[in-house]
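Order of the sequence lines sets the chain letters (A, B, ...), proteins ahead of strands, with each chain counted from 1.
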Amino acid sequence: MGRFLLRRFGLALVTLWLLSIIVFVAAHVFPGDVGRRILGPFADPAAVASLNHQLGTDQPILSQYWSWLSGAVTGHLGTSLNYRDSVASLLGRAIGNSAKLGVVAFVLVVPLGILGGIVAALNRDRFLDRFITVAGLSAAVIPEFVWAIVVIILFGVVLRVLPVTAQAPEGSGVLTQLEYLILPAIALVLVLFGYIARITRAGMIEALDADYTRTAALKGLSWATVIRRHVLRNALLPTVAVVASQTGYLIGGLVVIELIFNYPGIGYLLFTAAQKKDFPLLQGGVMFVGLVYLTATLLADIAYSLLNPRIRYGSAE
Amino acid sequence: MATAIDELVALPARQVARRERLRLLWHSPTFLLGLVVVAFWVLCALVGRLLVPHDPYLPDLLSRLKPPSAAHWFGTDDIGRDVFSRVIVGARGILTVAPLATLLGTVAGTSIGLVAGYFRGIVDEVLMRVVDAFLAVPVVITGMLGLVALGPSTATLILVIGFVFTPLIARTVRAAVLAEREMEYVQAGRLRKENALYMMFVEILPNVLGPVLVEFTVRLGYAIFATATLSFLGFGIQPPAADWGLNLHDQYIYLTGGLWWPVLFPALAIATLVVGVNLLADGLAQVYER
């Protein structure tokens with residue numbers, strides 16, 4: 001197991017390094033003249049030159065990459081042009097807010113998705129199964145901002161039961177904060193539900209068809225015991241991996257959700273950075289999102305290998 | 001070179017398989033429903049301008065934000081333009097950008113996938129790591145970075161989405177090629193010392209077209225998702241187009257005031273198009289991956 005995890009860790013580092021190249025090329029090479037891109041076609045050439053000097057974008061390309069990468073490794077991601085504050089501390093503040101929203105969404109969607117998958121698998125090929133699968137996957141392919149608009153119209157405009165912004169008034173209690181987070185969380189739940197339900201259903205069906213399940217049933221265990229002890233334990237393994245990979249989708253969805261609900265998280269920060277052409281913040285933010293995703297996947301690998309005896313006792317892979 | 005006898009045997013078999021697949025598609029309710037929905041929006045994109053009751057671009061400041069009525073079925077937006085007309089003609093932008101971007105990604109991705117799968121080794125290893133790196137960040141965020149760097153326009157939107165999809169499509173094609181390269185016809189070609197380009201594009205490519213087609217439709221769904229989202233964020237299709245995502249970008253602030261009609265209808269249009277394309281993809285996948 002040690003070798004398996006070590007290999008995964010090594011691969012994650014390589015991936016992160018490649019991501020840094022992609023991000024660097026996009027932010028430093030694509031624009032041609034970075035200062036010109038930020039200030040626009042009518043800006044004074046002296047101002048452009050001075051901005052390029054301030055950003056270090058007048059240096060040779062490799063030394064730019066080197067100074068950016070060595071800074072990023074030690075947590076120094078530069079200074080935001082828009083907020084005049086360190087990129088690292090801006091990201092630190094925003095991720096806390098996003099984590100709150102993400103946790104609310106996950107707390108809702110993970111049990112619901114697993115339950116949906118179990119119900120679908122136990123009613124395989126019947127109406128309920130078709131309904132859960134088709135509705136879940138249709139919901140998953142519709143963009144988050146469309147769902148956000150639909151839930152705002154339904155709960156905020158027609159029914160008038162929930163607030164349509166996510167940011168609770170200053171100094172409000174946990175419950176009020178939670179109330180403000182429900183609508184944006186529902187929009188995220190609608191998108192994430194289908195994947196979790198589908199993978200749980202697939203895992204369940206594989207376990208239900210397995211020989212050990214037939215053996216367990218034939219030796220006289222009650223159906224409930226067979227499901228709980230033999231089917232669920234095996235079926236939920238792939239779900240763990242999928243839940244982790246959903247953090248990626250989640251962060252992508254946060255950009256629009258946080259914008260619509262006016263919530264100061266990482267997605268909103270990235271959006272403002274892009275809108276204001278704040279390259280230091282934008283490239284730091286993209287790297288940070290990649291880091292969060294890779295960490296989540298690595299944690300899922302660890303959880304998966306702890307739960308799965310075939311990996312726990314096996315050699316590498 | 002394939003001999004004349006090879007062709008005589010292979011062609012009818014391939015034609016039979018194609019006819020069988022068409023028959024299955026024609027009987028798949030998923031595929032047909034998707035086809036109807038997508039065909040409707042394609043029609044709107046092509047000739048929508050002729051069908052609409054009002055000029056979709058003409059502001060009418062005397063009837064701003066009017067609710068749905070007999071004159072304006074979906075109401076009017078914040079500068080008095082007819083929402084129904086704008087929804088109908090709005091299909092054009094997204095149905096230009098998304099298929100072109102997907103095509104770009106599919107052509108580039110298929111070429112890279114063929115090379116990686118056929119040669120294996122270091123090319124393959126590097127490609128897989130690049131795919132991982134792209135997957136670590138959501139498409140919307142990489143897309144946003146690329147569009148800010150290049151400057152938002154329809155052309156850069158196509159380029160950026162196509163570019164981001166390339167490694168993902170390459171991975172799928174590579175997997176299909178890996179299965180093919182173990183087949184006898186590939187080994188025979190190698191023994192004949194065929195040119196590698198000939199082997200990849202003439203011998204292997206026709207046999208992996210099924211997975212490529214399925215991947216194209218699946219990616220098309222994602223491309224519509226990405227185009228709509230980036231346009232909604234203001235980095236995609238630019239004003240004064242009647243694009244759905246862009247419309248929502250302009251109008252969603254009125255939601256809090258209870259003005260739902262300029263927002264709901266473009267949102268529903270995006271939802272139906274995305275679901276329609278995904279139904280098509282599902283139908284194709286079921287037929288090709290039996």
S.K.: Rounded at 0.5 Å granularity, tell me how far CG in A/Leu19 sits from CG in B/Asp132.
M.R.: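 Reported to 0.5 Å precision, the distance equals 11.0 Å.
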S.K.: Do you know which of B/Ala136, B/Gly151, B/Ala133, B/Pro152 has the most heavy-atom pairs with chain A at a distance under 4.5 angstrom?
M.R.: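 Of B/Ala136, B/Gly151, B/Ala133, B/Pro152, B/Ala136 has the most heavy-atom pairs under 4.5 Å with chain A.
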S.K.: Relative to chain A, which of B/Val263, B/Leu147, B/Leu255 shows the most heavy atom pairs under 4.5 Å?
M.R.: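 Greatest number of close heavy-atom pairs with chain A: B/Leu255.
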S.K.: Please classify the contact of A/Ile22 with chain B as side chain, backbone, both or neither, using a heavy-atom distance under 4.5 Å.
M.R.: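 A/Ile22 touches chain B through side-chain heavy atoms alone.
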S.K.: Decide yes or no for A/Leu77 and A/Pro280: does some side-chain heavy atom of the first lie under 4.5 Å from some side-chain heavy atom of the second?
M.R.: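 The answer is no; the side chains never approach within 4.5 Å.
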S.K.: Taking the side chain as everything from C-beta on, heavy atoms only, tell me whether A/Gln246 gets closer than 4.5 Å to A/Ile199.
M.R.: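 A side-chain contact under 4.5 Å is absent here.
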S.K.: Below 4.5 Å from any heavy atom of chain A, which atoms of B/Ile270 appear? Answer side chain, backbone, both or neither.
M.R.: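 Answer is side chain: those atoms of B/Ile270 sit under 4.5 Å from chain A.
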S.K.: What part of A/Leu294 gets closer than 4.5 Å to chain B, counting heavy atoms only: side chain, backbone, both or neither?
M.R.: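 For A/Leu294, the contact with chain B is made by the side chain alone.
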S.K.: Tell me, with the steps shown, if A/Trp68 and A/Ser20 meet side chain to side chain donor-acceptor pair (under 3.5 Å).
M.R.: CA-CA 9 Å; A/Trp68 177 65; A/Ser20 81; over 6 Å; no
S.K.: Taking A/Asn52 for the side chain and A/Gly35 for the main chain, is one N or O donor matched with an acceptor at less than 3.5 Å?
M.R.: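 Such a contact is found between A/Asn52 side chain and A/Gly35 backbone.
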S.K.: Could you check if a side-chain atom of B/Trp261 sits within less than 4.5 angstrom of a side-chain atom of B/Pro67, using non-hydrogen atoms only?
M.R.: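 Yes - at least one pair of side-chain heavy atoms lies under 4.5 Å apart.
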S.K.: Under a 4.5 Å cutoff for heavy-atom pairs, which residue among A/Ile251, A/Ile260, A/Leu250 has the most contacts with chain B?
M.R.: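 Sorted descending by pairs with chain B, the first entry is A/Ile260.
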S.K.: With a 4.5 angstrom heavy-atom cut-off, which part of B/Leu248 approaches chain A: side chain, backbone, both or neither?
M.R.: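 Only the side chain of B/Leu248 comes within 4.5 Å of chain A.
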S.K.: Do you know which of A/Gly253, A/Ala27, A/Pro143, A/Ser138 has the most heavy-atom pairs under 4.5 Å to chain B?
M.R.: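 Winner by heavy-atom pair count: A/Pro143.
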S.K.: Any chance you could measure A/Ile142, atom CD1, to B/Thr272, atom OG1, to the nearest 0.5 Å?
M.R.: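 Going from CD1 on A/Ile142 over to OG1 on B/Thr272, the span is 8.5 Å.
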S.K.: Can you tell if the side chain of B/Arg64 reaches within under 4.5 Å of the side chain of B/Asp77, non-hydrogen atoms only?
M.R.: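 The answer is no, as the side chains (C-beta and beyond) never meet within the 4.5 Å cut-off.
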S.K.: Using a cut-off of under 4.5 Å on heavy-atom pairs, state which of A/Val255, A/Val289, A/Val141 scores highest against chain B.
M.R.: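 Max contact count across the listed options: A/Val141.
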S.K.: Sort A/Val14 into side chain, backbone, both or neither according to what part of it lies under 4.5 angstrom from a heavy atom of chain B.
M.R.: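 Interface part for A/Val14: side chain.
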S.K.: Specify whether A/Phe24 and A/His28 have parallel, tilted or perpendicular ring planes, treating 30° as the upper limit for parallel and 60° as the lower limit for perpendicular.
M.R.: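 It falls in the parallel class, under 30°.
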S.K.: Pick one of side chain, backbone, both or neither for A/Phe271, based on which atoms fall under 4.5 Å of a heavy atom in chain B.
M.R.: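 The answer is both parts of A/Phe271.
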S.K.: Does any backbone or side-chain atom of A/Ile21 lie under 4.5 Å from a heavy atom of chain B? Answer side chain, backbone, both or neither.
M.R.: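 Contact with chain B: none, neither part.
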S.K.: A/Leu270, A/Ile38, A/Val292, A/Leu291: which one forms the most heavy-atom pairs within less than 4.5 Å of chain B?
M.R.: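 Ranked by heavy-atom pairs under 4.5 Å with chain B, first place is A/Leu270.
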S.K.: Find out whether A/Leu259 and A/Phe145 are in side-chain contact, i.e. whether some heavy atom of one side chain is under 4.5 Å from a heavy atom of the other.
M.R.: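 Side chain of A/Leu259 against side chain of A/Phe145, heavy atoms only: no contact under 4.5 Å found.
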S.K.: Aromatic contact between B/Phe232 and B/Tyr252, with the criterion being ring centroids under 6.0 Å apart: yes or no?
M.R.: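 Yes - the distance between ring centres of B/Phe232 and B/Tyr252 falls below the 6.0 Å cut-off.
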S.K.: Look at B/Leu150, B/Val139, B/Val140 and state which one has the largest set of heavy-atom pairs under 4.5 Å with chain A.
M.R.: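 Ranked by heavy-atom pairs under 4.5 Å with chain A, first place is B/Leu150.
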S.K.: Do B/Phe134 and B/Phe163 have side chains that approach each other closer than 4.5 Å (heavy atoms only, starting at C-beta)?
M.R.: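 B/Phe134 reaches B/Phe163 side chain to side chain.
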S.K.: Which atoms of A/Ala139 are under 4.5 Å from chain B, going by heavy atoms: the side chain, the backbone, both sets, or neither?
M.R.: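 Interface part for A/Ala139: neither.
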S.K.: So how far is it from B/Thr30 OG1 to B/Leu35 CG, rounded to the nearest 0.5 Å?
M.R.: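 B/Thr30 OG1 to B/Leu35 CG: 12.0 Å, rounded to 0.5 Å.
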S.K.: For chain A, which of B/Gly245, B/Ala267, B/Gly146 has the most heavy-atom pairs under 4.5 Å?
M.R.: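 Most heavy-atom pairs under 4.5 Å with chain A: B/Ala267.
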S.K.: Pick whichever of A/Leu137, A/Leu282, A/Ile149 has the most heavy-atom pairs under 4.5 Å with chain B.
M.R.: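 Highest number of pairs under 4.5 Å: A/Ile149.
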S.K.: Between A/Leu18 and chain B, which part of the residue has a heavy atom less than 4.5 Å away: side chain, backbone, both or neither?
M.R.: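 Looking at A/Leu18, backbone and side chain both touch chain B.
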S.K.: Name the member of B/Trp244, B/Trp260, B/Phe235 that forms the most heavy-atom pairs with chain A at distances under 4.5 Å.
M.R.: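 Looking at each of B/Trp244, B/Trp260, B/Phe235 in turn, B/Phe235 comes out on top.
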S.K.: Below 4.5 Å, heavy-atom pairs only: which of A/Ala274, A/Ala140, A/Gly252, A/Ala26 has the largest tally toward chain B?
M.R.: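 Counting heavy-atom pairs under 4.5 Å, the top option is A/Ala274.
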S.K.: Is A/Val23 in contact with chain B via its backbone, its side chain, both, or neither, using a 4.5 Å heavy-atom distance?
M.R.: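 The answer is both parts of A/Val23.
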